[in-house]
Protein chains: 2
Amino acid sequence: MTQVQILSRNQQIVLDIIEKAKGPLKAYSILFNVQKKGINAPQQIYRALDKLIEMGKIHKIESKNAFVACRSSDCEISKATAFSICESCEMVDEISDAKLSKYLSSFNHKKGMKFKRFNLEFFGLCKKCK
Amino acid sequence: MTQVQILSRNQQIVLDIIEKAKGPLKAYSILFNVQKKGINAPQQIYRALDKLIEMGKIHKIESKNAFVACRSSDCEISKATAFSICESCEMVDEISDAKLSKYLSSFNHKKGMKFKRFNLEFFGLCKKCK
DNA sequence: TTAATAAACGTTATATTATAACACTATGTT
DNA sequence: AACATAGTGTTATAATATAACGTTTATTAA
């Protein structure tokens, strides 16, 4: 039942670059990478990024203002995101842990707020940097 | 045994404003608020903010690039932060839930990373906006 | 108590991240 | 065809954050 998303030209270009990248990419570094392809302005990047986020194809790492491709097939719409971030090498890894996700999705704040979405960022040192 | 932190002039000014605020404050809105007190440059704000964060007096809401006072007496150093954020009125509420905090602090990623710190942001509609 | 050291300050300049606004183009409905 | 919707390209500018440099204040330890 999953609808195949058709991406526009710019969206595809931006997604390709993010997917190929080893780590999180910044909007302007994406921009510099695509100038040969005729994309010249930040707007074009940010518009594509916004749509890709909406579709769940990529995620924004808020603490770094950077973007990563979604690696977890089950988050077409990103209501529950978790990442581990190495403070030394900047590596970012998406955590997909059903238990964690369930635990947080069902977490309810005392003050009567019903959550629609969460984002969790863990920080530490990755294996290599330890 | 808890050491009383002495704040510098600028740190105190910035902290006072953040503590008095009803919601999260942006760096430049703090700046505009303190120009009468002789603080003129963003650097001065950002320096104070950095120190206040180090001390655990305030937290940065990453998804909003804004700052809130710490309301939970037990996080002198902020290794474990969680917030609920209203998507409509922008209200931010610090969550201090021992269970949640314990659960996340002891969460270990499979890939061998040991976490030092986490930040969790929940989004939804607060009581009023619902 | 003074010399040394560290922390904070003030300032100018600039880098980085993100959006506004407007006109145009492609695509897909009724 | 007429209309709506999503995407594009472009110029300009807003908002967020840091670099670099010299000075001042506070702390510490000889």
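The chains referred to below are lettered A, B, ... by the order of the sequence lines, with proteins before strands, and numbering in each begins at 1. Note that the coordinates shown come from a computational prediction; the quantities given were computed from them, not determined experimentally.
- In the set dG9(D), dA18(C), dA20(D), dA18(C) carries the atom at the smallest distance from any side-chain atom of Tyr46(A).
- Atom CG in Asn65(B) sits about 7 Å away from atom P in dA18(C), given to the nearest Å.
- In this structure, Gln11(B) and Met55(B) have side chains that are in contact, with non-hydrogen atoms separated by less than 4.5 Å.
- Among dT19(C), dC9(C), dA19(D), the nucleotide with an atom closest to any side-chain atom of Gln43(B) is dA19(D).
- The separation between Lys64(A) atom NZ and dT16(C) atom C1' is 15 Å, rounded to whole Å.
- Remark on DNA chain C: of its neighbouring residues Ile39(B) and Ser29(A), the 5'-side contact belongs to Ile39(B), judged by nearest-heavy-atom nucleotide.
- One can place CD1 of Ile13(A) at 9 Å from P of dT8(D), the figure rounded to the nearest angstrom.
- Looking at Asn119(B) and Thr81(B), their side chains do bring a donor and an acceptor atom within 3.5 Å of each other.
- Among the atoms of the strands shown, only primed sugar atoms or phosphate atoms (P, OP1, OP2) are found under 4.0 Å from some heavy atom of Lys60(A).
- Separating the CZ atom of Phe32(B) from the P atom of dA14(D) is a distance of 11 Å, rounded to the nearest angstrom.
- Here the nucleotide nearest the side chain of Phe67(A), chosen from dT18(D), dA18(C), dG9(D), is dA18(C).
- For the pair Asn10(B) CG and dT11(C) C1', the computed distance is 13 Å after rounding to whole Å.
- Under 4.0 Å is where a charged nitrogen must lie from a carboxylate oxygen, and between Lys64(B) and Glu121(B) no such pair does.
- In terms of phosphate contacts, Lys37(B) brings no side-chain nitrogen or oxygen within less than 4.0 Å of OP1 or OP2 of dG10(C).
- Ranking dA8(C), dT11(C), dG7(D) by closeness to the Gln11(A) side chain, first place goes to dG7(D).
- If you take CD of Gln44(B) and P of dT12(C), they are 10 Å apart, rounded to a whole angstrom.
- Within 6.0 Å of atom NZ in Lys130(B), more than 12 heavy atoms from other residues, nucleotides or ligands are found, so the atom counts as buried in its surroundings.
- For Tyr28(B) and dT16(D), the ring-to-base geometry satisfies the stacking test (centroid distance below 5.5 Å, interplanar angle below 30°).
- The side chain of Ala41(B) approaches dT12(C) more closely than any other nucleotide in the set dT12(C), dA17(D), dA18(C).
- Listed pair Lys26(B) / dA15(D) fails the phosphate criterion, with no side-chain N or O lying under 4.0 Å from OP1 or OP2.
- Between the CG atom of Asp50(A) and the P atom of dA18(C) there is a distance of 10 Å, given to the nearest Å.
- Among the atoms of the strands shown, base atoms are found under 4.0 Å from some heavy atom of Arg47(B).
- Here the P atom of nucleotide dG7(D) and the CE atom of Met55(A) are 6 Å apart, to the nearest Å.
- For the pair Val68(B)/Phe83(B), a side-chain contact is recorded, criterion being any heavy-atom separation below 4.5 Å from C-beta on.
- Taking only side-chain nitrogens and oxygens, Lys51(B) comes nearer than 4.0 Å to OP1 or OP2 of dA8(C).
- Between Phe118(A) and Phe122(B), the ring planes lie perpendicular to each other; the angle is over 60°, past the 30° to 60° tilted range.
- Candidate nucleotides dT8(D), dA13(C), dT10(D) were compared by shortest atom distance to the side chain of Asn40(A), and dT10(D) ranks first.
- Taking 4.0 angstrom as the limit, Ser8(B) places a side-chain polar atom (N or O) nearer than this to OP1 or OP2 of dC9(C).
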